[in-house]
Protein chains: 2
Amino acid sequence: MTSAAKKIGKQTIKLQNPPKIISTFSIVGPKEGEGPLKDYFHEIINDDTLGKDSFEKAESEMMYTAIKGAISSANLKEEDIEYLFAGDLLNQIVSSGYAARELNIPFFGLYGACSTMAESLSMASLFLDGGFARYVVASTSSHFSSAERQFRFPLEYGSQRNPTAQWTVTGSGAMVLSDHGDFPRVTYVTTGVVKDYGEKDANNMGAAMAPAAVDTIYNHFKDTGRKPSDYDVIATGDLGKVGKEITEKLLLEYGYDIKDVYVDCGDIIFDNERQNTDSGGSGCGCSAVVTCGYFYKKLMRREIKKMLLVSTGALMSTTTSLQGESIPGIAHAVAIEID
Amino acid sequence: MTSAAKKIGKQTIKLQNPPKIISTFSIVGPKEGEGPLKDYFHEIINDDTLGKDSFEKAESEMMYTAIKGAISSANLKEEDIEYLFAGDLLNQIVSSGYAARELNIPFFGLYGACSTMAESLSMASLFLDGGFARYVVASTSSHFSSAERQFRFPLEYGSQRNPTAQWTVTGSGAMVLSDHGDFPRVTYVTTGVVKDYGEKDANNMGAAMAPAAVDTIYNHFKDTGRKPSDYDVIATGDLGKVGKEITEKLLLEYGYDIKDVYVDCGDIIFDNERQNTDSGGSGCGCSAVVTCGYFYKKLMRREIKKMLLVSTGALMSTTTSLQGESIPGIAHAVAIEID
């Protein structure tokens, strides 16, 4: 066993054979396709039903498209992929389950709410580093309309939004990882613990998830000895602008000033003023498409060389909210670098 | 990279440093505590609310109890555990999320429906074999009353049951894994692909999941070169008696006669006649408590020495069923052995 060499500190694994993200694919809905990052996405759909008879089926189809797109852009075939790590927001992660049904790939279903991109990327990276596979896929998705009607209100209500509310991103991202090639590589995986500071307002998820983001980023720095300036970008996702402010402030109290390198995927995917998205984007798909589209392209062009992706998730359900429970949050961090 | 040595065949990893299951804990409800395996469980509760004000909170408390129980019976402390792999049936896996909130352990949330015990055990085993940790926990839970009202009908309806229906087990199992000691060890991990033969009857989950069990067992034999007689027990869970018959018959068509060593966790946890459980037990907790209670004790007593655990899950949701979708199934297999 070589665990002493790999595990550093309390929550971080230093990858000995840093896996490469050899391709990505991002597919987004019409609204995301009109946002500030529109030029970075691989595919923008015009019809967010994708011709399906339900939003849930459309979401699953988006994930299937993202996975197939990433595999094909790596010049691989479906049968080359040894494991699929995927999850989403829907009850029983049906977007992922039904997408996996169309793929003959051994499947590990995950649930980390909106932290799923970093969770699936963590798992995928560790499977490669552990020598368990040569090609794996990590993916996640969300859809405004399937999430809205599951978590909040029937769409037909046209209910008013709270200024702290976030807008669930319609989109899916997928990554193919392997052990070779000149591609962005995963160097550290910091796994989150669940944090709950008692926030109960399901319209203010940014506040509920911020303590988890703070805890994971803080422990990442502590475990690795790195500091904010070691990164070109630290990207949480998806705290929105409310959660972003809290995170920045709390980390400053812990002695880390991340202001200069800090963005939040939910904060940059929409033009919140123009697009009426209040506190910003959210959903598993948010940090997925921002990473698979925007950041991956910037890494490949060497416009950024070192980033820390910190996907954040809120682990409640409508049942626990109705039962008066507060909202536990979790955040997983993955360091991605290219020379 | 040493992937060639570890990955054998299409879906199986042969563990190079077989992790040991150094302790387990099983907690079950009153009905399970009156069943044929009652003497094997670590704790039987008299009140299936555990004094909580909802069944969901009771389920989460059961999982917390199982995890703490397994850690303490391994003479470890919570802070010794480096990763927790857990999932359950509830929307957004809230039993696991809220149990993890009470534990300061890095947490990977999983969703594999009733395949979760084998899924979490697979992940936990691979993390140890990959050298990423020294102590990890795998856990899952289910609760008759939280599952029934989420997936089927309000309990107050007292609705009639179909003869092919299964009875969701109230229970939770947890395992602590490490790299040392004279304990049952995990030797092979065979990960399932999603199979869907078009079954749409949510009251006949055994039939929906059987093709996945068959596929995973068949590929386990093909990948490892093993045959049914290499095992003292092959335990699916939880197909119930209907799904068990289908699995046995289909595997015979593929050339494997498993009859002599085959049991199904759902089929043995209740006395179906006496306890009115129709086709048998189900739920994530079923294969969890049968493995953590019954099989683990039999392994430790050397009454069995080689078993293949094949937890099976149905990946639909109530939404997909209402939308007319068929039920995809998945099965993950883990070989557990002791000298």
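In what follows, chains carry the letters A, B, and so on, assigned in the order in which the sequence lines appear, proteins first and then strands, with residues in each chain numbered from 1.
With a threshold of 4.5 angstrom between heavy atoms, A/A100 approaches chain B through its backbone and through its side chain. For A/L90, the part lying under 4.5 angstrom from a heavy atom of chain B is the backbone only. Interface residue A/S122: only side-chain heavy atoms are found under 4.5 Å from chain B.
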Could you walk me through whether B/K10 and A/N104 pass side chain to side chain contact (heavy atoms under 4.5 Å, CB included), step by step? CA-CA 11 Å; B/K10 181 172 156 258; A/N104 191 31; 3.9 Å; yes
Side chain to side chain contact (heavy atoms under 4.5 Å, CB included) assessment of A/K7 paired with B/R134: CA-CA 9 Å; A/K7 186 82 186 290; B/R134 282 203 71 196; over 6 Å; no
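Taking both residues in full, the closest heavy atoms of A/V193 and B/P106 are given as CG1-N, 3.4 Å, listed atom of the first, atom of the second, then distance. For A/L315 against B/V94, the heavy-atom pair with the smallest separation is O-CG1, 3.6 Å. Of all the heavy atoms in A/Y83 and B/Q11, the pair that sits closest is OH-O, 4.0 Å. Across all their heavy atoms, A/F107 and B/H332 have their closest contact at O-CE1, 3.2 Å. Among all heavy-atom pairs drawn from A/Y111 and B/Q92, the shortest one is OH-CG, 2.9 Å.
Checked against ring pair (Phe, Tyr, Trp, His ring centres under 6.0 Å), A/Y64 has no partners two or more places apart in sequence or in another chain.
In terms of heavy-atom pairs under 4.5 angstrom with chain A, the leader among B/G87, B/S54, B/G112 is B/S54.
At a heavy-atom cut-off of under 4.5 Å, chain B is reached by A/T320, A/Q323, A/E325, A/S326, A/I327, A/P328, A/I330 from residues 320-331 of chain A, listed in order of number.
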